[in-house]
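Structure record follows, encoded as C-alpha cells.
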Amino acid sequence: MSSHDAKKPYPEVPPQARFPEIEKRVLEFWKAEKIFAESVAGRPESNEYVFYDGPPFANGLPHYGHLLTGYVKDIVPRYQTLRGRRVERRFGWDCHGLPAEMEAEKKLEISGRAKIMDYGIDRFNDTCRTSVQKYTQEWENYVTRQARWVDFENDYKTMDVSYMESVMWAFKELHRKGLIYEGYRVMPYSWAAETPLSNFETRLDDSYREKQDPAITVRFELEATADDPHPLGVWVWTTTPWTLPSNLALAVGPEIEYAIYRADGQRFVIGAAAAEKYQKEIGDAERVGTLQGQALVGRSYRPLFPFFADNPKSFVVLGADFVNTEEGTGIVHLAPGFGEDDMSVCNAAEIPVVCPVDDGGKFTEPVSTYVGQHVFDANKPIIRELKERSVLIRHETYLHNYPHCWRTGTPLIYKAMSSWFVRVTDFRERMVELNQQIRWVPEHIRDGLFGNWLEGARDWSISRNRFWGAPIPVWRSDNPEYPRIDVYGSIEELEADFGVRLDNLHRPYIDELVRPNPDDPSGKSQMRRVSDVLDCWFESGSMPFAQVHYPFENREWFENHFPADFITEYLAQTRGWFYTLMVLSTALFDRPPFLNCVCHGVVLDETGQKLSKRLQNYPSPEEMFETYGADALRWFLVASPILRGNDLQIDREGHGIREVVRLVLNPIWNAYSFFCLYANSENIRATFRTDSPHVLDRYILSKVGDLVQAVEDRMEVYDLPGVCTEITAFVDALNNWYIRRSRDRFWRHDEAEETQNAYDTLYTALVTLLKVSSPFLPLIGEEIYRGLTDERSVHLCEWPDAKELPRDQDLVTTMDRVRDVCSTGLAVRREHDVRVRQPLRKLTVAGANLDGLKPFLELILDEVNVKEVELSLDIERYAAFKLQVNARELGKKLGGKMQDVIRASKSGEWRQLDDGTVELAGITLEPGEYELLVDAKEGIACRALGTNDAIVILDLELDQGLEQEGRARDLIRVIQQARKEADLHVSDRIHLVLALPAEWKQAAEAYRETIAEQTLALQLELSGDVAGNNRFVHQAKLGNDSVEVGLSKAT
RNA sequence: GGGCCUAUAGCUCAGUUGGUUAGAGCGCGCGCCUGAUAAGCGCGAGGUCGGUAGUUCGAGUCUACCUAGGCCCA
C-alpha cells in the first residue's frame, strides 16, 4: 500500500464507523496481499509454535459453537505470531463416519446395511464423499468472514489415502504392541445406524435423554428341591420386557435378605427391603420366613419362554454383587446377550450367550412368536402375553435417562457383538501420568472431568460395522480349521502379499484383496479382510501424525511438531477428541499429545436452552456479521465466561454484541477519529516516541507499558477474557482521562513542541494498543493501524517491548489519586445538591501525601469547576483520624492479640506517640504496621478519598459573582437546548431574546458576552417580545423560576 | 447413588498467598452537551458473598455437611 509522506494527512475518519463495511475491505486486502501467508513465512522455522486444528465434521454448517472455537483458534496463533513465532495453521476435515453415511442414506433414500449392499458399496461411498465436500465451501466462507486465518490450500482430509495409510500404520503398531484384540462384548448399539457405538460416543452431547419405558414385575417359578419341596415363586423387575425371551438366568445378592410370603397356598420371594414398595401386590399374604440370597443361589427355575429351553447350564439362580433392592425387587433377570453385567455373570457360570436380534433391532429365530418385530415394538405383546399367563405381578411406566444414538436420535439397545478393541486399560495409568504435563483451562479439568475419565477408562471398541471409513487392516482365514490372522500397516505391505497396489484404501476396493491362506495345505481357505471399518474417532485421534503421512513421510517434521503447544475445543471433547488424542499418543509415542488445552463451554439461548434451528432462538451469525461485524462477535464470545468453562447465554436480538460495539469498538474508534481529525487540522504527523516529559504523557505511556505486561501475563496462562478486561480498562483511561484532560494540548498553536509531544504520545499509545489487541480485534485493529502508520499490517508487527515504555508506578498512583480527588469532589457536590455548572470558590484537599498532586491543580480546578484548589495539612479541622492496622503483617506477629488490637483501633482507644509509634491495647505498633485514615466530620461539605488518607472539602458559600456565573451557565445550557430543539446546525448564528426574572436578568447582563459567544448569538436582547418575528420559543424551569428563550436564525 | 462444576448487587460476572470498608459492566436514579464520541461522559443508590457447622486472632476465600442448578457417570 502507499506510504504516507511527511505532509500526507491521516485518513478522514468519520466519527461513526460502519464496522461491517470496514471489515469486508480489510478481508479483501488480506486476500489480495496474502498477509496471512506472509505472517507465517516471516517468522523463523526455528521458533515454531505448534497448533493442531481439530477436524470438524464436514457436514452441516458452522454454528456459534464452531465460531467461538474458531475465534480462540485464531487469537492464540495471532498472538504467538506477534511474539515472533511461526504458527502454521492447516485446516482439517473429518470426512468419515456416521454423519456422512446418514447424509448419504437420506440422499439416496435407502436405509440399512442390506439396502446399501444392494445399492453397491462403491456407489454408496461415492455419495458419502460428495456429501462431505458439499459444505466445505460454506465452511471456508464462514471461517474467512470471521477473520480466522487458516491454511485451506494445504488442508488435510481424513479420507485422503495418505491419511488413511498412517491410520493403518497406527493400527498395526498397536497390534504389534499387543494392544488390539477382538472380543465378544455387550455394547451400546444403534439399530437405526446399524452399528455399535464406542462407550464415549454414547456420552457426547445430549445423548442421554429422558425416555419412558415399561417397568414390569414378573413371577418366575423355582423348581422344587429336596430341601424345599414346595413350589416357590420369585418376583423379578425389569425395564426391558423384550429381553425376557432371551432370559437365561436370575441373579440375587448373596448378602441380601429376602422375605418369603404365602397366600392361597403359594409362596413367593422378594427382597426384604423391597417389600414396602410392593405392599399392594403382596396384599394380605403372610410373611412366613426370611433367607439370605446365598440360599437361593444354585436353584433352578422354569424358563419363562420356551425358545432357549435347551440352552446348556441355564435357568439357574446366580449370585451377583451388583444386585440391590433400591430399584425393583432385589432379584434380577439375566439376558447375557443384552446386558454387560448379565454377560459377565453368565460367562462365569459358563452359560452360552444367545442373541436373537438382528442388525436392525428385530427379533430373529428362534423367538418365533416375535420374529421380525422390533424389540421396542415387541414390549407390548410380550407384556400382554405375560399378563394372559398370569405371571405379570405389576405393570408400570418408568421415566429415566436413557442413552440415544447421537446421529439418529433413536434409543440405543445393548447387544452382544464381536468387535475390535484397543486395550486402553493396559496403559491408562500412564495416560493419567502424562496428563499431569498438560495445562488445562480451566485448571480443574485436568484432575476433574478429564483426569477422572482417564482413570475410569475402559477398552475402546474401535470397529464399526459400516462402509465409509478407514478399513480395519486385518485379514482372516475363512476356514476356522486353518486359523490365521494378518495385520497390514502400509500399502506396500498389501502390495507384497496381494500383488496389487491400491491408490484407494476404501471399501469395497480393499475388500477385493483376497489370497489363499498360506497355513492351509489344502489351499482352499482364503484370507479375507474383516468387513469392519474403524471408528472415525480413531482417525481424528491419529491427526497429529496422519496429517503428514507419518511415518511414511515427514518423520523429522513430526518429531518437531509433537506434541502440540495448543489446542482448543468445547468441554465435551474430553470424551471425544482430547481423549482419543491421548489414547493414541500414549500408546504409540508415550507422550502427551498437547501441552495447553482450552476447554470452552456451550452457547445457549437467553433462557438457558440449547440453540436450535427449529426454535429459532438465536440470531443468525450472518446477520451479526452484517449488523455489528465479526470483531464485535469475536469480542463478545471471547470476553465472556464461556472460555472459563462456563456456559454463555446469547439473546435473540444480539444485544450483547451491540454492547460490545458500544463499549469496546466505538471508544477505540473515537480515539482514532479524534487523533486524525486534529492531527489533520493542525497539519501534524506523529511518530512513535516514549520520551515526552509531560506528566500526562508519561502517565498514559506508563499505562501502556502496564497493558503490554498484563496482556503477556494473561496470555501466558491462556486467560483470554482477562486480556479483554485489561484492554477495556486501558481504553477507558485513554479516552476518559488522558484525551479528555489533554484536549487543549492538541490545539495549542503557541507551543509547537508541546503539541507535538501530545500527538506523538497519543499516537504511540494507540499504535501499541492496536498491536496488543490485534488478535482480539483483527479487522478493526488492522484498519486503524493502517490508517495511523505506513506499515502494511498490524499482524506483521513485532510485539511491543514493555521495557521500552516509561514505567512510572508512582505517577500512575498519583494520577489515580487525582482522579479520586475529582470524583470525590463531584460526589460532594452531588451530596449537597450543587450542580457542576455552579462554580465554587475553593476545593481543599486535606491530608497526608499531597505533594504529588501539585502538578495537577489546574486539572482538578477544571474538572470540578472551582476557582481555587488548596492543599492543606490541617486535617483535624475537617476530620478525625481513625487507625487502621496492617492486619496482614501484624496477624502473624500478634496471633491471638490481634482481635484486641482491632477492637481498640475501631473504638478509638489508641494514641500516637511522638516517635511515630502507636500504642493500643498494651501493644506498640511501629510505623508501617498501621495507617491513619481520615473520617470526615459531620456538618462540613467534605468527603474522604477512596484511599481514606485525605479528604476533599468544598467551600459551598456563594458570593454574587459565583452565583451569577452559575446562572449564566444555566442560561447558556437552556439556550443550547433551545438551539437543539430548533434544529439548528452547530455553526448557525442566532438572534436571541430572553425573558427572565430579575436575578437571572442581572446574571445575563453581567455575562452577556460569554452567553453570546457560547451560543453564537449575534444579538442578545434581555427584554422584548420573545415570540416576535417568528422566533422559536423555548420555555424552561430553572429552580423555581421560569425563563423563556426566543431565537431566530441570523441571516 | 457417585464424580466434577456453579451459587457474590435486579441481571451477567470479577474477586490474587485467608487480613478490618467485597469490585466491574448492564439496568436503575440523579447530573453533565456544541473544539472527538448522546450508540457519549460523570456521580449515586443497591450485595454481608446459597445455608449450617468447623479450622483460625481473623473466612467471600480453607474444611465438612446440607440446599439449589448444570454437566458427566452408575
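The sequence lines fix the lettering, A, B, ..., with proteins before strands; numbering per chain opens at 1.
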Touch class at under 4.0 angstrom, heavy-atom based, for R903(A) against every strand present: nothing

Sugar-phosphate, base or nothing in reach of R888(A), heavy atoms under 4.0 Å: base

Residues in ring-ring contact (aromatic ring centres under 6.0 Å, His included) contact with Y738(A), at least two apart in sequence or another chain: none

Below 4.0 Å: OP1/OP2 of rG31(B) and any side-chain N or O of R837(A): no

Sugar-phosphate, base or nothing in reach of N886(A), heavy atoms under 4.0 Å: base

Any residue of residues 969-978 of chain A with a heavy atom less than 4.0 Å from an atom of RNA chain B: R973(A), Q976(A), Q977(A)

P spacing across the pair rC4(B) / rC62(B), given as an integer number of angstrom: 15 Å

Touch class at under 4.0 angstrom, heavy-atom based, for S823(A) against every strand present: sugar-phosphate

Pairwise P distance, rU6(B) and rC13(B) [rounded to whole Å]: 12 Å

Backbone N/O of M624(A) and side chain of T627(A): donor-acceptor pair under 3.5 Å: no

Whole-Å distance separating the CG atom of L677(A) from the C1' atom of rG35(B): 9 Å

is_close_aromatic(W669(A), Y672(A)), centroid dist under 6.0 Å: yes

Set of side-chain hydrogen bond (donor to acceptor under 3.5 Å, both in side chains) partners for E1013(A), sequence neighbours left out: none

Going by atom type alone, with no hydrogens or angles, which donor-acceptor pairs under 3.5 Å involve a side-chain atom of residues 643-650 of chain A and a protein atom two or more places apart or on another chain?
| unit_1 | atom_1 | unit_2 | atom_2 | d |
| --- | --- | --- | --- | --- |
| R644(A) | NH2 | D719(A) | OD1 | 3.0 |
| R644(A) | NH2 | D719(A) | OD2 | 3.4 |
| D647(A) | OD1 | V602(A) | N | 3.4 |

Touch class at under 4.0 angstrom, heavy-atom based, for I902(A) against every strand present: base

Dot-bracket encoding of pairs in RNA chain B, which uses [ ] for pseudoknotted crossings and | for another strand, Watson-Crick or G-U under 3.5 angstrom: (((((((..((((.....[...)))).(((((.......))))).....(((((..]....)))))))))))).

Residue-phosphate contact under 4.0 Å: R740(A) side-chain N/O, rG35(B) OP1/OP2: no

Proximity of W453(A) and F578(A) rings by center, below 6.0 Å: no

Sugar-phosphate only, base, or nothing, as touched by N735(A) at under 4.0 Å among non-hydrogen atoms: base

Parallel, tilted or perpendicular, as decided by the 30° and 60° cut-offs, for the rings of F776(A) and W635(A): perpendicular

Nearest-Å distance for atom pair CG/C1', residues L604(A) and rG70(B): 10 Å

B/S/- contact track for nucleotides 3-10 of chain B, protein heavy atom under 4.0 Å: SSS-----

